[in-house]
Each structure stands twice: as structure tokens, then as C-alpha cells.
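These notes concern the structure reproduced below.
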Amino acid sequence: MSQDQNTAETAGQTPEDENRLIAERRGKLNSLRELGEAYPNGFRVNTTAGALQKRFADDDAEALEGVDESFAVAGRMMAKRVMGKLAFVRLQDRDGDIQLMVQRDQLPEGVFAAFKTWDVGDIIGGSGAITRTNKGELSVRLSELHLLSKSLRPLPEKWHGLTDTEQRYRQRYVDLIVNDDSREVFRKRSQIITFIRQFMEAPGREFLEVETPMMHPIPGGAAARPFVTHHNALDLEMYLRVAPELYLKRLIVGGLGRVYEINRNFRNEGISTRHNPEFTMLEFYWAFANYNDLMDLTEEMLRGLALTVTGETVVHYQGVDLDFGQPFARLSVEQAVRDHNPDLADADLWNVDVLRGICAERSIHTEQSWGAGRLLMEVFDATVEDKLVAPVFITQFPTEVSPLSRRNDDNPEVTDRFELYIAGREIANGFSELNDPEDQAERFRNQVSARDAGDQEAMYFDDDYIRALEYGMPPTAGEGIGIDRLVMLLTDSASIRDVLLFPYMRPEHS
RNA sequence: GGGGGUAUAGCUCAGUCGGUAGAGCAUCGGACUUUUAAUCCGCUGGUCCUAGGUUCGAAUCCUAGUGCCCCCA
């Protein structure tokens, strides 16, 4: 919509076609330049809006008269109401809002006249005494006021704010200026990640935060198509990581015992309300633990998170109540498929022909090379996944689709693996790790065969990972938790784009 | 990949049957020392997403394309 303006400005042209509102503000900026420094950086604050609101919440006007302090605040002017020689300003800073009381006769000569030319959106700073107006609004009564940074572009309308989703995502800075809800989502996101770090490192758990490579010579650790890039000096194809798993387990071989990483993964797949090409995962590995320990820890973490972020253990998501206070159900893949497909007999669950028939009925794409395990998961995805609303651990995934997981002691066709589903979405994936190097090598070979047969999501053979396992990896359990989807749940956000500061968008200019 | 929705002033949105492009807020000019979406008076502001087509005439109808949103695969 404003493409012409943007191209004109980036090209450094005279903005002849720039809209009048911007042209007027640019004229004011030119006047400021003539008067001296238009972008001063000398003003210093000694408090914030939020701190003032908190400190003086219970003080009336009389009590405030006894406060013999000068408060310096700075931020964006969000509203400006001028009444002759008096004006009120709503100042927004990093942690809240505070009203400024601007009186001509309390300010140095000429300041009030200049102030009258300033615009909503400008960054200003001022200082003065704290007071409460006749209507009871806590205010800083200014004895000093400066324009710190001129805003050339008008803000969205004050009452409706910015609702256009495209502009909210493309110009997140505008969204953050005008939409309190948006700011709140990203504060909570930060709170969630802080909580997780503290939880993982708390006494008794003592996981060590580590950083492993984002660029891999061999992509591994997940069934996903990678982004490819190129290292010039080495003349080498590199892949943005789809998962940190194989590196983190090398650290377990190295004896670090308990490690975690919170960082981005990249998957070259479709984009939707639940998928962004880059997304954030918590991934952790725990020596001398198994997948049951992981499920217990996950429950405890999510319960604590809900309580910390929302203040209660029941999470309200898109009109549904999700109880994080109760133990989560645990249910095998087989059981879950049977529950949602009552026509199926037990024997059918591992019958390739029956499963293929079900897929055909539902026009689910299958490959001739797929075994019962893969087909069973296709049926699970189609008939079960989106019905798993209350938190539930789905366990015992087929070995065929779990090339890095330890086989179950009683049934080698399934693994000691689980996925946590909440609100019909996969939130976490964890398992007892496969630490038998010979079994792992065999699984890699099967993956390579699948890749050769055309499965672009199949894994590569990672020689060094096998070499690491051959040194001996302790019995270990490991898990990945999708942070973005977790933030969606805890902030009641319908789209992953609402919890990413800068979600992926097509480039603006063609 | 398929389907549906949407695109009009800086923002939020109207726009009838195809007949000169509208409102609120913001801006601009004026009044105002207690406002809270301040109020009052006055004036402005448009590539109706893009390109074609139909028509005497298109924001409106048709075709194609593009961005965004949603659903499905």
C-alpha cells in the first residue's frame, strides 16, 4: 500500500509522492535541524512509568505533595491533549504509561510553544514532581521537557489501533508501539524461556546450557528437509540444522551428563498457522534416565510454567480449558488408534494391507516401501492427532519411524518414545535414546535406503555419530519441546506468527 | 498444490441497481489551565492492489495476476 513511498525513500529520492502527513513532519524535522541538534542523546531517565505507577498507586494528591523528588521519564508520546496553556500527554515507555502534565508557565520560555508543534509518536523526555490531577490521574508535572526523536510517520488510529495482520507482521515495530496485547505476548514469551532455564538448572536437575552448531555438514536428528547453504572458503555444502540432537548426544558421550539447548531449528517445509521455517526448540539430554522420567519432568515443567505465566494451572486456549494441574494421560499409539477407529481389530494394527486400505479410503498418500509402522502413523495422524485436546502422552512409537530411539524391551517393533499432544498439536517428542552403535548403524542404513527410494525427509548416515556411540553412551533419555507452540498455548494465540516477533513473510517488493 | 475470504485516505471502515469517492480518528488553521478516544469552529487528504476486458460510463461486472488471512492436502 505504501510501496511507492518506500521505494522512493530507499532510493534517496525527493519524496515528492510521499503523503502529506509525512511531508509535514519532515518539514518540522528540518526546522529542528536548523535550531541545532535534532536527535539529542543527553537526556537521562531516573525511573519508568511502570515504576511510578507501582510506587504511588495508593497515594492521593495530598500525599504526593510531600514527595520531594524530581522524576525524569522518557518515551513515546501516545496522546496529546492541549487546552490553551495546559496540556496532558500520555507517555509510553518500556514498562507502562504515565501522564505528563505540561503547563506553559512551569516550563522555560518558549518550550510550551515548541511542544505544541510536536506530534503524537514523537519520543520525548521530561522531568518534574509527581502529582495527581483533579480527576485522580497520576502525573508528572513537568518543569523540563525535550523532544528527543522526531517521528516522521503517523501512528495508526488511537482507538482501533493496528488490526491489519499483514502490517502487524511486516512492521512489528508499529504493532508493538500500539498494541498492548502484542507487547504482552512477547513479555510472556521471554518469561517462559527464563522459567525454562531456571527450571532446567535448578538444584537437583542441574542441566548445563550448551550451544551446538547451527550449520551442519550432514543434516540429522529429525525427519525433515533442510535448507542448504554454501561455505565459500571450504567450497562445501552446508545445511542449516533441522535438530541439534546428534550433537547434544555427542556431549552425553563426552560425559556432560545433563545438557540442554534452547535455539532455532530450520526446516524447509510449508508455512502455516503452526509452522514457521525457523522455530525455537528446547532440546535436552539426561544420562541415566528413561522416557518415563522425561514425561514426569515435562509435566512438572508445564505445570510450573502455566502457574508462573498465567497464574493458574488451567490454561484457557481458544475457548477450551486445558488442565495442566492433573497428571497427563499416557496412552500408546496402538491404543490411541484403536480408540478412534473402533472398527479395527488388534491384529489389523500391524497389517500392512489393512492399513494401506485405510489410507486409500482417506486418499492419504503412501509409498510401496512403507511398512506397518509408518502406515500406522499415517492413520494416527489422520484419525487421532487433532482429537487429542487434553494433554496426553502418546507412547510406543513404531521403530520404523523412530530411527534414533531405543527399542522397547518387550516389543522390538516399537520404541520407548512418546509425543506430548495438547490442543491437537504435537508439543514435545522424547525417548529413551538408542545407545547401541550397531543397532544405530543399521537404522541409519535403513534411512539411507528410504532416501534412495525417494524419501527426502529420511536421514543421512552419520559416521562420526556412530563412532561417538562406539566410545559408549550411557543409557540416556532426550526430548525436544517446541517453544513457539508452547507460547501459543500459554498466550492463547491462534497462529504461530502471533508469537514470533518477525514471522516469515514473502518479500514485500516484487 | 486445491478451495474460500479479503485488498478503498496515514489508521479503522462504509460505499445502494454500474452514473462526480464517503465517515470517524489523525493531520492542517483557530479557541481553550484539569484532560482521559478532551471539547468546539473551520479546512484538507485518494494509483479504490495490479494489468487487461465489457460498457456511453467501472471502486462496483468479467478474466488473469499479486499480497495477506483461513481451511484442506
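Because only heavy atoms are used, hydrogens play no part in the values below, and waters and symmetry mates are left out as well, while side chains stay in. We name chains A, B, ... by the order of the sequence lines, and we start the count at 1 in each one. Since the model is a prediction, treat every value here as computed from it, not as a measurement.
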Show your working on side-chain contact (heavy atoms from CB on, under 4.5 Å) between A:Val45 and A:Phe43 and close with a plain yes or no.
CA-CA 7 Å; A:Val45 300; A:Phe43 189 84; 4.1 Å; yes

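- In summary, the side chains of A:Glu237 and A:Tyr239 do not present any donor paired with an acceptor at a separation below 3.5 Å, with no hydrogens or angles considered.
- Shown here, B:U39 forms a base pair with B:A31; the pair counts as Watson-Crick or G-U wobble because both key distances fall under 3.5 Å.
- In this structure, a donor-acceptor pair under 3.5 Å is absent between the side chains of A:Asp122 and A:Ser151.
- With distances taken from any side-chain atom of A:Leu162 to the nucleotides B:U36, B:U12, B:U34, the minimum falls on B:U12.
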For a side-chain contact (heavy atoms from CB on, under 4.5 Å) check, start with the C-alpha distance between A:Val178 and A:Arg168, then their side-chain angles and the critical distance, and finish with the verdict.
CA-CA 10 Å; A:Val178 299; A:Arg168 286 186 51 227; over 6 Å; no

Check: protein-nucleotides 40-46 of chain B nitrogen or oxygen pairs below 3.5 Å:
residue: B:U44; atom: O2; partner: A:Arg20; partner atom: NH2; Å: 2.8

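- No donor-acceptor pair under 3.5 Å is formed between the side chain of A:Lys28 and the backbone N or O of A:Lys150.
- Take the nearest nucleotide of RNA chain B for A:Arg170 and for A:Val89: the residue whose nucleotide is more 5' is A:Val89.
- A donor-acceptor pair shorter than 3.5 Å can be found between the side chains of A:Ser127 and A:Glu144.
- Atom-to-atom, CE of A:Met77 to P of B:A38 comes out at 12 Å; the value is rounded to the nearest Å.
- Look at the P atom in both B:U63 and B:G4: the space between them is 11 Å, to the nearest Å.
- Nucleotides B:G52 and B:U12 have their C1' atoms positioned 32 Å apart, rounded to a whole Å.
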What verdict does the side-chain contact (heavy atoms from CB on, under 4.5 Å) test give for A:Glu245 and A:Glu283, after you've listed the backbone C-alpha separation in whole Å, the side-chain angles of each residue and the deciding distance to 0.1 Å?
CA-CA 7 Å; A:Glu245 173 155 356; A:Glu283 206 159 311; 3.2 Å; yes

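- For B:U60 and B:C48, the P atoms lie 10 Å apart once the distance is rounded to whole Å.
- Rounding to whole angstrom units, CD1 of residue A:Ile98 and C1' of B:U36 are separated by 13 Å.
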Restricting both atoms to N or O, compile the protein contacts to nucleotides 70-73 of chain B shorter than 3.5 Å, with distance only.
residue: B:C70; atom: OP2; partner: A:Arg497; partner atom: NH1; Å: 3.0

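- Within the 4.0 Å cut-off from OP1 or OP2 of B:U36, not a single side-chain nitrogen or oxygen of A:Arg81 is found.
- A gap of 15 Å separates the P atoms of B:U8 and B:C69, to the nearest Å.
- Side-chain atoms of A:Thr165 lie closest to B:C68 of the nucleotides B:A38, B:C68, B:C11.
- The stretch residues 60-76 of chain A participates, sequence neighbours left out, in these side-chain hydrogen bond (donor to acceptor under 3.5 Å, both in side chains) pairs: A:Arg55-A:Glu69.
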Taking only N/O atoms, report every protein-nucleotides 29-32 of chain B pair under 3.5 Å with atom names and distance.
residue: B:C32; atom: N3; partner: A:Val82; partner atom: O; Å: 3.3
residue: B:C32; atom: N3; partner: A:Gly84; partner atom: N; Å: 3.2

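- With hydrogens and angles left out, the side-chain atoms of A:Asp492 and A:Gln318 include a donor and acceptor closer than 3.5 Å.
- With 3.5 Å as the limit, one finds a donor-acceptor pair spanning the side chains of A:Asp498 and A:Tyr169.
- The side-chain heavy atoms of A:Leu162 and A:Gln167, taken from C-beta on, include a pair separated by under 4.5 Å.
- A:Arg443 contributes a side-chain N or O that, together with a main-chain N or O of A:Ser402, makes up a donor-acceptor pair within less than 3.5 Å.
- For the residue pair A:Gln396/A:Ser332, the side-chain donor-acceptor check at 3.5 Å is not satisfied.
- When the P atom is compared between B:G45 and B:G29, the two are found 16 Å apart, to the nearest whole Å.
- A:Arg417 and A:Val401 get closest at one heavy-atom pair: NH1-O, 3.1 Å.
- Distance from the side chain of A:Leu86 is smallest to B:U33 among B:C11, B:U12, B:U33.
- Between A:Leu100 atom CG and B:A38 atom P there is a gap of 15 Å when expressed in whole angstrom units.
- Distance, A:Leu152 CG to B:U27 P: 15 Å, rounded to whole Å.
- B:C41 and B:C32: their C1' atoms are spaced 12 Å apart (whole Å).
- Distances shown here put every side-chain N or O of A:Lys158 at or beyond 4.0 Å from the OP1 or OP2 atom of B:U27.
- Distance alone, capped at 3.5 Å, is enough to place a donor-acceptor pair between the A:Asn341 side chain and the A:Val337 backbone.
- Nucleotides B:C61 and B:G24 have their C1' atoms positioned 30 Å apart, rounded to a whole Å.
- For residues 101-110 of chain A, proximity to RNA chain B is found at A:Met101, A:Gln103, A:Asp105, defined as any non-hydrogen atom under 4.0 angstrom from a strand atom.
- With distances taken from any side-chain atom of A:Met505 to the nucleotides B:G10, B:C68, B:A38, the minimum falls on B:C68.
- When the C1' atom of B:U36 is taken as reference, atom CH2 of A:Trp159 falls 10 Å away, rounded to whole Å.
- Taking a cutoff of 4.0 Å between a charged side-chain nitrogen and a carboxylate oxygen, A:Lys85 and A:Asp105 do not qualify as a salt bridge.
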Taking it one step at a time, do A:Leu376 and A:Glu400 satisfy side-chain contact (heavy atoms from CB on, under 4.5 Å)?
CA-CA 10 Å; A:Leu376 180 64; A:Glu400 183 183 356; over 6 Å; no

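- Atom-to-atom, CD of A:Glu157 to P of B:U27 comes out at 11 Å; the value is rounded to the nearest Å.
- For B:G1, the paired nucleotide is B:C72, the pair qualifying as Watson-Crick or G-U wobble because both relevant distances are below 3.5 Å.
- Within residues 122-134 of chain A, the residues approaching RNA chain B are A:Thr133, A:Asn134, by heavy-atom distance under 4.0 Å.
- If you measure from atom CE of A:Met78 to atom P of B:A26, you get 14 Å, rounded to the nearest angstrom.
- Nearest-nucleotide positions on RNA chain B for A:Lys28 and A:Leu155 put A:Leu155 closer to the 5' end.
- Figure legend. B:A23 is base-paired to B:U12; pairs are counted as Watson-Crick or G-U wobble with both atom distances under 3.5 Å.
- Between A:Gln99 and B:U36, a side-chain N or O to OP1/OP2 separation shorter than 4.0 Å is absent.
- With no hydrogens or angles considered, a side-chain donor-acceptor pair links A:His365 and A:Glu367 at under 3.5 Å.
- Taking the centre and axis of the six-membered ring of A:Phe266, the NZ or CZ atom of A:Arg241 falls outside the cone set by 45° and 6.0 Å.
- Checking B:G57 for Watson-Crick or G-U wobble geometry (two distances, each under 3.5 Å) identifies no partner in any strand.
- Spacing between atom CG of A:Leu21 and atom C1' of B:G10 amounts to 5 Å, rounded to whole angstrom units.
- Comparing B:C13 with B:U6, their P atoms are spaced 14 Å from each other, to the whole Å.
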